[in-house]
Amino acid sequence: EVQLLESGGGLVQPGGSLRLSCAASGFTFSSYAMTWVRQAPGKGLEWVSAISGSGSTYSADSVKGRFTISRDNSKNTLYLQMHSLRAEDTAVYYCAKGAALTMIFENWFDPWGQGTLVTVSS
Amino acid sequence: DIVMTQSPDSLAVSLGERATVNCKSSQSVLYSSNNKNYLAWYQQKPGQPPKVVIYWASTRESGVPDRFSGSGSGTDFTLTISSLQAEDVAVYYCQQYYNTPITFGQGTRLEIK
């Protein structure tokens, strides 16, 4: 069974930093693109960043230069390093697996983790 | 960026009746080389992560009840639940994966009338 477990969320002050992790199991992690999607409280879904199995990355303009997606295929773990956090970054952050093996960034997502809440507030 | 617009924002349907959610993209998500529409639908129940129900616009995910169906092509798509069950209460999102950045519709809240 494919499982994704996020961790690392919490309360951080504006301008602060945080690193999220997503531990993956149940599939060949290195073969699949992975992505981060966030959801502000009571709002819709916003795609954040994606990374291919080999490490190519793509990020939304809203986080470019502040967030960095990475992965450690030896540890089956996905990361999101977040710097210069703003109030508008407050959200539940989900990691998700790219569903189709042969597709990289242009992919649908299945499954999703349970999410980790990041709150940016003073 | 491709803008995805769903309608309606919320919908109340009686148990056993048909529910229809629409999704319109600002540009075509039909890839001509393989004739596939790069469009997925997700279901998100309260307190849970999204779950894919339809991909390639009309392919039902394994384990999803056959009362769920997807249709449409190009820029206009529809998610239909043929006979609404209580467990279908959720917010439904469409997503295009034709190009990056990946974008989602704003969501449609489906409730029981």
Side-chain angles (χ1 to χ4, degrees), chain A residues 1-7 9 20 22 24 32-52 56-64 67 69 91-117, chain B residues 1-6 9-10 21 23 25 27-31 33-34 36-64 70 77 79 90-109:
Chain A
E1 179 193 5
V2 174
Q3 289 194 326
L4 301 171
L5 183 63
E6 302 95 337
S7 60
L20 306 183
C22 172
Y32 287 85
M34 298 292 294
T35 199
W36 289 98
V37 176
R38 67 185 179 183
Q39 186 169 36
K43 303 296 185 183
L45 303 170
E46 180 188 14
W47 176 82
V48 175
S49 292
I51 185 167
S52 69
S56 300
T57 64
Y58 194 93
S59 294
D61 286 347
S62 59
V63 305
K64 211 166 282 184
F67 291 11
I69 189 172
V92 173
Y93 284 73
Y94 295 103
C95 72
K97 170 183 162 288
L101 180 62
T102 56
M103 295 164 67
I104 304 177
F105 300 131
E106 292 79 12
N107 211 336
W108 70 97
F109 309 124
D110 178 50
W112 300 50
Q114 288 297 315
T116 187
L117 176 62
Chain B
D1 299 5
I2 298 177
V3 177
M4 307 299 290
T5 303
Q6 293 180 225
D9 289 335
S10 62
V21 181
C23 175
S25 57
Q27 66 185 74
S28 175
V29 298
L30 173 63
Y31 196 39
S33 65
N34 59 10
K36 287 188 172 184
N37 288 283
Y38 284 52
L39 189 285
W41 288 96
Y42 296 88
Q43 175 193 66
Q44 186 177 31
K45 296 181 179 180
Q48 296 185 18
K51 169 191 164 187
V52 65
V53 292
I54 300 284
Y55 55 94
W56 295 130
S58 61
T59 301
R60 195 180 310 113
E61 171 73 350
S62 175
V64 172
F77 301 90
L79 174 69
V91 178
Y92 292 85
Y93 295 93
C94 61
Q95 175 224 331
Q96 67 80 18
Y97 48 100
Y98 182 84
N99 64 14
T100 48
I102 301 298
T103 49
F104 294 89
Q106 79 276 17
T108 294
R109 185 175 301 276

[atom1] of [X] to [atom2] of [Y]: how many Å apart, nearest 0.5 Å?
| X | Y | atom1 | atom2 | value |
| --- | --- | --- | --- | --- |
| B/T59 | A/W108 | OG1 | CH2 | 7.5 Å |
| B/Y93 | A/Q39 | OH | CD | 4.5 Å |
| B/Y42 | A/D110 | OH | CG | 7.5 Å |

Answer yes or no: are there more than 12 heavy-atom neighbours, outside [X] itself, under 6.0 Å from its atom [atom1]?
| X | atom1 | answer |
| --- | --- | --- |
| B/R60 | CZ | yes |
| A/K43 | NZ | no |
| A/I104 | CD1 | no |

> At their closest point, which heavy atom of A/G113 faces which heavy atom of B/P49, and how far apart are they?
Replying inline: O-CB, 3.1 Å
>> Show the nearest heavy-atom pair for residues B/N99 and A/E106, with the distance to one decimal.
In response: CA-CG, 3.7 Å
>> Could you check whether any side-chain heavy atom of B/Q44 comes within less than 4.5 Å of a side-chain heavy atom of A/W112, counting everything from C-beta outward?
In response: no
>> Using side-chain heavy atoms (C-beta onward) and a distance below 4.5 Å, is A/F109 in contact with B/I102?
In response: yes
>> Quick check on B/Y98 against chain A: is it the side chain, the backbone, both or neither that has a heavy atom closer than 4.5 Å?
In response: backbone
>> With a 4.5 angstrom heavy-atom cut-off, is it the side chain or the backbone of A/V37 that approaches chain B, or both, or neither?
In response: side chain
> Using non-hydrogen atoms only, which part of A/Y58 is less than 4.5 Å away from chain B: side chain, backbone, both, or neither?
Replying inline: side chain
> So which of B/Q95, B/E61, B/Q48 has the biggest tally of heavy-atom pairs under 4.5 Å with chain A?
Replying inline: B/Q95
